[in-house]
Amino acid sequence: LLVVLPVGLYLFMTGGIAIPTLIMCVLLSYASYKPLLKAMTYTDAMANVRVVFGEIKSVLDLPELVRSNTAPDPQGYDVQFENVVFGYGDGTADSAKVFDGLNFTAKEGELTAIVGSSGSGKSTIAKLLAGFWNIDSGHITIGKADIGSMSLERNMQLVTYVSQENFLFNKSIRDNLKMAKEDATDEEIAAACKKASCDEFIQSLPDGYDTNAGNAGSKFSGGERQRLTIARALLKDSPIVVLDEATAYSDPENEAIIQQSIDNLVKNKTVIMIAHRLSTVVNADKILVLDKGKIAAEGTHAELLQNSPLYQNMWQSHISSRDNSE
């Protein structure tokens, strides 16, 4: 009105418009400001949409992982990283390299723990073994069979990856679990859930195993989602299990239950555990200390306390933080 009314009166007085047109302009200006203000509130939402769209497009534009399926059958289930070079992006910039010649072996039937500071590459090891990316050079082998020459389906059959960021689809609990094994019977599903300590809470739900998990498992707590994820991994029953800080975000009430579920999951398997709390891996067969993409030390907990200053500092920090929290 501050603009329309003076301008309209000036035009009317100079004969530019008639009185009906002036009245119509005033009424329209008065009626249109609320919709305009409401439309302006969507500018932030549109900016968010543009950002999200850009992120989705960047993922869709990534080159597809191409693998042949010429690798022989694994001779056992030892996992070996041989001179592995890997970097995010196109791998051409040295600053983007995570590993530049990484070497280690995780023996079949043993628990190999990987510890290190944030950004040292622990989770990257887990995701490379699970087949999320192809390495730039070197070899990752399972029983001397190079996973770079395996199909992704075959890689996934051999490796079960349990991350700290568990995800459930907007389907029933039964359907979520069957993603690990499509032909699983109800008895097999129930047995896996009992081992994962989640059968009891599922049975207490009104619809039991037919209960919908909601978007991203929103109907369940973080501890319940993690136990369902472990049940799915138990149902898959792969010979190699990779645990990427699987108890990192669990609350104290659920941590003991989740740890018992993990113990059931890893029996008689090749296990690689990315450790967040050092106290969870003191009994590991071998602990690898990762520092800036390199293996700084390896051995048992007792050996590293004697021989590795880096591990000693990490252990002292862990003990101090645990004492302070108590």
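Since this is a predicted model, take the numbers as computed values, not measurements. Heavy atoms only: backbone and side chains are in, while hydrogens, waters and symmetry mates are out.
Under the 3.5 Å distance criterion, the side-chain polar atoms of K294 are matched with a main-chain donor or acceptor of D100. The closest donor-acceptor contact from the side chain of N103 to the backbone of G101 lies under 3.5 Å. The closest donor-acceptor contact from the side chain of Q312 to the backbone of L305 lies under 3.5 Å. Under a 3.5 Å cut-off, the side chain of K144 and the backbone N or O of P72 do not form any donor-acceptor pair. A donor-acceptor pair under 3.5 Å is formed between the side chain of K269 and the backbone N or O of S238. N215 contributes no side-chain N or O that, together with a main-chain N or O of N170, makes up a donor-acceptor pair within less than 3.5 Å. Of the possible donor and acceptor atoms, one in the side chain of R225 sits under 3.5 Å from a partner among the backbone N and O of F220. For the pair N83 (side chain) and G138 (backbone), a donor-acceptor distance under 3.5 Å is absent. Side-chain N or O atoms of T112 include none that pairs as donor or acceptor with a backbone N or O of I272 at under 3.5 Å. No donor-acceptor pair under 3.5 Å is formed between the side chain of S29 and the backbone N or O of V4.
Taking the six-membered ring for Trp and thresholds of 30 and 60 degrees, F104 and F81 have nearly parallel ring planes, at less than 30 degrees apart. Between F167 and F169, the ring planes lie perpendicular to each other; the angle is over 60°, past the 30° to 60° tilted range.
Side-chain contact annotation: D175 with S172, donor-acceptor N/O pair under 3.5 Å present. Side-chain contact check for Y209 and N176: no donor-acceptor pair (N or O, by modelled atom type) lies under 3.5 Å.
Side-chain contacts under 4.5 Å among hydrophobic residues (ILVMFWY), followed directly or transitively, place M46 with no other residue at all.
Tracing side-chain contacts under 4.5 Å through hydrophobic residues (I, L, V, M, F, W, Y), one never reaches V159 starting from L235; they form parts of separate clusters.
The salt bridge (charged side-chain N to carboxylate O under 4.0 Å, His left out) test with E188 is passed by exactly one of R232, K194, K181: K181.
Other residues, nucleotides and ligands contribute over 12 non-hydrogen atoms within 6.0 Å of the CG atom of D61.
Between R174 and D186 there is a salt bridge, since at least one side-chain N of the basic residue sits less than 4.0 Å from a carboxylate O of the acidic one. A salt bridge does not link D244 to K122: none of the charged side-chain nitrogens sits closer than 4.0 Å to a carboxylate oxygen. A salt bridge links D73 to R154: one of the charged nitrogens lies within less than 4.0 Å of a carboxylate oxygen.
Here CG of L228 is found 5.5 Å from CG of L168. Values are rounded to the nearest 0.5 Å.
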